Amino acid sequence: MAVVHWKTNVCSTTLSSVTPPVSGATILHADLDAFYASVEQLLDPSLRDRPIAVGGGVVLAASYEARRFGVRAGMPGWRARQLCGDLRFVGGHFRRYQQFGDEVVSVFHDFTPRVERVSIDEAFLDVAGAVHLFGAPAEIAAAVRQRVREEIGLPLSVGVARTKHLAKVASQVAKPDGLIVVDPAHERAFLDPLPIRLIRGVGPTTERRLHEAGIHTIGQLAETGSPILRSLLGDAAGAKLGALSANIDTRIVQTPGPSKSVGSQAALGRRQVTRELIRETLGYLGDRVAGRLRKAHMAGRTVTVRVRFAQLRSVTRSSTLPVAISTTLTLIEVADQLARSAIADNQWEQEITLLAVSVSNLCPEHSLQLELPLDRTDLPRTQGHLRRPRAEVEVGRWGVDRSVDAIRDKFGRAAVGYATSVLSGADRVPEEFRELAER
DNA sequence: TCTGGGGTCCTAGGACCC
DNA sequence: TCTGGGGTCCTAGGACCC
């Protein structure tokens, strides 16, 4: 078999006899298994070997015992209970998740500085420069897994391959608690029989379209011409999928650049549309988003509001301002006008289920002061109906925001804020979860 | 009885400029 | 004298990822 596949127990004598041929495979993809659920089982031994889910209204993570019943992340809580009567829901220790994730990443850094953290529970490592110190990539992968298991107590799956995409596919196939090394000489044999869903960028919609075209495996996808894929999925998606299925991936392991947007959202349940609800929710969201922008010393020109109605139908309205903003009240005002416009255009909708505010078109904050005044008359025509931020007002607000930020840094979020910045009962999501998701 | 929060990237049409 | 093409920016919606 071209693919070397070890489960859990890897002994180094086996390794040294197999690893020399895989010299080109120096990328590791490391992925913690059922991360939140594994942490909960680690913290509370009575939960081990039992089907558990982290979350409530929606499943954030399911243990492998729960997955055997079909319980999956993202699933509504009631559906999960339907599938598994014994399912235990456990409250999320979100701060602990962050701590455990950080500890795992620090183990990675003991082997190589080339670590690209993709999310709280997942990272790419380039170990090309580490082989002289620590041995072949497969040995490094085994050592990383062992240390994470012994020192932290969490199961980690690792894929080792020549490219990021292959490494990621390998780690998915290795789960749970496994290690797969893909020999560069036998990559096609590894990829061809796998389902298309394992390719990055193939979600439910793309999978369905490809199935309808009779394409089920990565091998079949690779045989399909790029023109056909483009006509099926669009130019960019078709080209990307064509490349990945043909095993072409030139991405390197690197630390991510600055973020391109900052946003926040609040699910509301089903609520009647009222001015108070809109004002209160946008106040809360605007406060969060603007605060995070200022903390990152960023400001943004484009404000986008999303309103989701019943049956998950959602509508967005956005507006690009002549200058970048990061002041709380200005963001709230712009968001409020956008939300009103979205709701007015959908008056037959009785209830809303979610509001979201996001700022994009970001730039470093220092340019804010330079580009004043804001009350220029050459606004794009489509924004004519929006009230424009005025320079002197903006400068004053910016000063107030900075003072609020400083007080919060010292005494916590709740210490001070605008009257509108508190979300009443509707917010069932703990603050720690939002902080966790911000990462 | 439809379910969280945080993101990225792509598309298509229209406005506008040269 | 109302015809061409290319590029950029903006808006709305959608697919996808963790």
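Numbers restart at 1 for each chain; the letters A, B, ... are given by sequence-line order, proteins then strands. Just so it is clear, the structure is predicted and the values come from calculations on it, not from any experiment.
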Identified pairing partner of dC18(C), criterion: Watson-Crick or G-U wobble below 3.5 Å:
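Matched dC18(C) with dG5(B) under the 3.5 Å cut-off.
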
[X] has an atom [atom1]; how far is it from atom [atom2] of [N], in whole Å?
{"X": "Gln265(A)", "N": "dT8(B)", "atom1": "CD", "atom2": "C1'", "result": "15 Å"}
{"X": "Met298(A)", "N": "dG6(B)", "atom1": "CE", "atom2": "P", "result": "17 Å"}
{"X": "Glu207(A)", "N": "dC16(C)", "atom1": "CD", "atom2": "P", "result": "9 Å"}

Over all strands shown, is [X] touching base, sugar-phosphate only, or nothing at heavy-atom distances under 4.0 angstrom?
{"X": "Arg79(A)", "result": "nothing"}
{"X": "Val59(A)", "result": "nothing"}
{"X": "Ser264(A)", "result": "sugar-phosphate"}
{"X": "Ser358(A)", "result": "nothing"}
{"X": "Gly74(A)", "result": "base"}
{"X": "Ser259(A)", "result": "sugar-phosphate"}

Using a 3.5 Å distance criterion without hydrogens, assess whether the side chain of [X] forms a donor-acceptor pair with backbone atoms of [Y].
{"X": "Thr353(A)", "Y": "Phe309(A)", "value": "yes"}
{"X": "Arg397(A)", "Y": "Thr328(A)", "value": "no"}
{"X": "Lys164(A)", "Y": "Ile252(A)", "value": "yes"}
{"X": "Gln41(A)", "Y": "Leu47(A)", "value": "yes"}

Can you tell me if [X] touches the phosphate of [N], counting only side-chain N or O atoms and a distance under 4.0 Å to OP1 or OP2?
{"X": "Thr205(A)", "N": "dG14(C)", "answer": "no"}
{"X": "Arg301(A)", "N": "dC10(C)", "answer": "yes"}
{"X": "Trp78(A)", "N": "dC2(B)", "answer": "no"}

Can you tell me, in whole Å, how much space there is between the P of dT3(B) and that of dC18(C)?
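That atom pair is separated by 24 Å.
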
With sequence neighbours left out, what residues match Arg209(A) under salt bridge (charged side-chain N to carboxylate O under 4.0 Å, His left out)?
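Listed in chain order: nothing, the list is empty.
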
Of Ala236(A) and Arg270(A), the one whose closest DNA chain B nucleotide lies more 5'
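Result: Arg270(A).
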
